[in-house]
Amino acid sequence: CTRLLESEELPISPVVIFGAPGMGKTHLLHALARRAAAASRRVACLNAEEFTTRYQTAIRSGGMEAFQAAVRSVDLFIIDDLQYLAGKTGTLNELVHTIDAVSNAGGHVVVASERHPFDLDLPERLSSRLAAGIITRVEPFIMDERRLFIDHVARGLRAGLPTWAVERIAGCEIPSTRVLQGAVHAAVALGRCGRLDPARLDADLTRVAAVESAPAGCDDRAILE
């Protein structure tokens with residue numbers, strides 16, 4: 001994504017990233033938007049709900065020209081949570097026009113979704129435009145990456161975790177960085193009250209693993225089983 005900010009390059013656009021919830025897609029988009037803004041680029045960074053709300057408000061208030069000028073004149077257009085636009089015909093049509101306007105003016109587009117765009121039943125005119133760029137999946141952290149992430153979160157909390165605790169947390173193959181972050185927060189909280197030991201940490205990690213692996217709508221008894 002950072003290649004989009006290198007003026008001497010002619011990067012491929014749009015870039016579509018997809019992956020399960022909690023994988024850090026939104027953080028990546030916001031970091032890209034901040035870096036672009038710091039480089040004096042014009043940026044529009046919206047999630048699907050914000051784009052829909054602004055579009056519908058513009059229709060009702062007669063402010064379509066102002067809305068379109070705001071989102072179509074940027075150097076970098078970012079849209080998050082694409083999956084929530086599935087079935088919203090008017091909004092999807094506006095999104096197509098926005099992507100075209102930004103791209104035709106030499107700008108770039110980045111899109112994030114929980115699922116591959118081809119699995120969202122999008123209009124062909126939109127899916128074909130997304131397919132013309134790069135579509136890439138955000139993969140879960142591997143062991144070494146989990147260690148680095150745990151250290152990063154702990155330092156952000158101004159806390160240190162013993163090596164055994166880091167290894168225990170990193171050993172849990174939790175795909176969601178959001179849930180992994182919660183495990184670090186739990187360990188730090190235990191450490192600050194003097195209760196961090198293998199048994200208590202393992203109990204917290206067991207609860208995290210059970211919730212993470214449970215199917216949607218699973219009740220307490222099914223989780224225990």
Side-chain angles (χ1 to χ4, degrees), residues 1-7 9-139 178 216:
C1 284
T2 57
R3 297 289 292 275
L4 295 172
L5 306 181
E6 299 173 4
S7 58
E9 299 281 344
L10 184 61
I12 296 173
S13 178
V15 173
V16 182
I17 58 175
F18 73 98
M23 298 294 288
K25 299 183 298 297
T26 298
H27 282 85
L28 176 60
L29 297 186
H30 287 179
L32 181 63
R34 286 195 295 270
R35 183 169 174 180
S40 300
R41 304 292 180 85
R42 295 166 298 173
V43 181
C45 182
L46 304 169
N47 61 36
E49 182 181 1
E50 290 169 336
F51 186 82
T52 301
T53 299
R54 293 189 186 187
Y55 168 64
Q56 293 177 344
T57 300
I59 292 176
R60 290 193 297 267
S61 64
M64 278 300 295
E65 288 188 8
F67 168 75
Q68 291 172 345
V71 297
R72 296 184 183 185
S73 62
V74 298
D75 301 309
L76 178 62
F77 176 72
I78 299 175
I79 186 82
D80 195 8
D81 292 326
L82 178 67
Q83 70 277 358
Y84 292 127
L85 295 184
K88 298 180 179 178
T89 304
T91 305
L92 289 171
N93 286 335
E94 184 62 29
L95 179 60
V96 169
H97 294 311
T98 300
I99 291 174
D100 285 347
V102 172
S103 299
N104 292 339
H108 306 290
V109 176
V110 181
V111 179
S113 172
E114 290 182 1
R115 291 186 289 158
H116 193 290
F118 291 173
D119 296 331
L120 295 178
D121 193 26
L122 299 173
E124 194 279 333
R125 60 200 303 248
L126 175 56
S127 60
S128 64
R129 282 164 172 77
L130 298 179
I134 295 175
I135 301 178
T136 184
R137 180 176 181 176
V138 179
E139 299 289 350
R178 190 177 297 129

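Numbers here simply count residues along the sequence, with the first being 1.
- Here the CG atom belonging to L29 is positioned 9.5 Å from the CD1 atom belonging to I79, to the nearest 0.5 angstrom.
- Rounding to the nearest 0.5 angstrom, the gap separating the CZ atom in R54 from the OG1 atom in T57 is 9.5 Å.
- Two rings, from F67 and F51, have their centers less than 6.0 Å apart.
- Atom CG of D80 and atom CD1 of I17 lie 7.5 Å apart (nearest 0.5 Å).
- Between F18 and V138 there is no side-chain heavy-atom pair separated by less than 4.5 Å.
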Set out, in order, the CA-CA distance, both residues' side-chain angles and the distance that settles side-chain contact (heavy atoms from CB on, under 4.5 Å) for H116 and R137, then state yes or no. CA-CA 8 Å; H116 193 290; R137 180 176 181 176; over 6 Å; no
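- Residues passing the side-chain contact (heavy atoms from CB on, under 4.5 Å) test with R42 are S73, V74, D75, sequence neighbours excluded.
- Partners of A33 by side-chain contact (heavy atoms from CB on, under 4.5 Å), not counting sequence neighbours, listed by chain and number: V43, C45, I78.
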I would like to know whether V16 and T136 meet side-chain contact (heavy atoms from CB on, under 4.5 Å); could you show each step before the answer? CA-CA 6 Å; V16 182; T136 184; over 6 Å; no
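- Under the side-chain contact (heavy atoms from CB on, under 4.5 Å) criterion, Y84 pairs with A48, D81, E114, not counting sequence neighbours.
- Under the salt bridge (Lys or Arg N to Asp or Glu O under 4.0 Å) criterion, R129 pairs with D100, not counting sequence neighbours.
- Residues F118 and S127 approach most closely at CE2-O, 3.8 Å, considering heavy atoms.
- Every residue was checked against the salt bridge (Lys or Arg N to Asp or Glu O under 4.0 Å) condition with D119, not counting sequence neighbours, and none meets it.
- If you take CZ on R60 and OH on Y55, they are separated by 11.5 Å, rounding to the nearest 0.5 Å.
- In terms of modelled atom types and a separation under 3.5 Å, the side chain of K25 and the main chain of V111 share no donor-acceptor contact.
- Between H97 and R125, the shortest heavy-atom contact is CE1-NH2, 3.8 Å.
- Heavy atoms from other residues, nucleotides or ligands lying under 6.0 Å from CD of E49 number 12 at most.
- For the pair V102 and R72, the tightest heavy-atom approach, listed with the atom from each and the gap, is CG2-O, 3.9 Å.
- The shortest heavy-atom contact between R178 and P21 is NH1-C, 4.2 Å.
- Here the straight-line distance linking atom CZ of R115 with atom CG of D121 works out to 9.0 Å at 0.5 Å rounding.
- Residues E94 and Q68 have side chains in contact (heavy-atom distance under 4.5 Å, counting atoms from C-beta outward).
- Nearest approach of P117 to L122, heavy atoms of both residues: O-CD1, 3.7 Å.
- Using a 4.5 Å heavy-atom threshold, the side chains of V96 and P123 count as separate.
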Which is it for I135 and V15 under the side-chain contact (heavy atoms from CB on, under 4.5 Å) test, yes or no, and what are the steps along the way? CA-CA 6 Å; I135 301 178; V15 173; over 6 Å; no
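- Applying the side-chain contact (heavy atoms from CB on, under 4.5 Å) criterion to T52, with sequence neighbours excluded, gives Q56, L85, K88, T91.
- Across all non-hydrogen atoms, the minimal contact from S103 to V109 is OG-CG2, 4.1 Å.
- Enclosure of atom CD in E65 is not indicated, since only 12 or fewer non-hydrogen atoms of other residues, nucleotides or ligands lie within 6.0 angstrom.
- Here CD1 of I99 is found 14.0 Å from NE2 of H108. Values are rounded to the nearest 0.5 Å.
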Let me see the working for L126 and L95 under side-chain contact (heavy atoms from CB on, under 4.5 Å), right down to the final yes or no. CA-CA 8 Å; L126 175 56; L95 179 60; 4.1 Å; yes
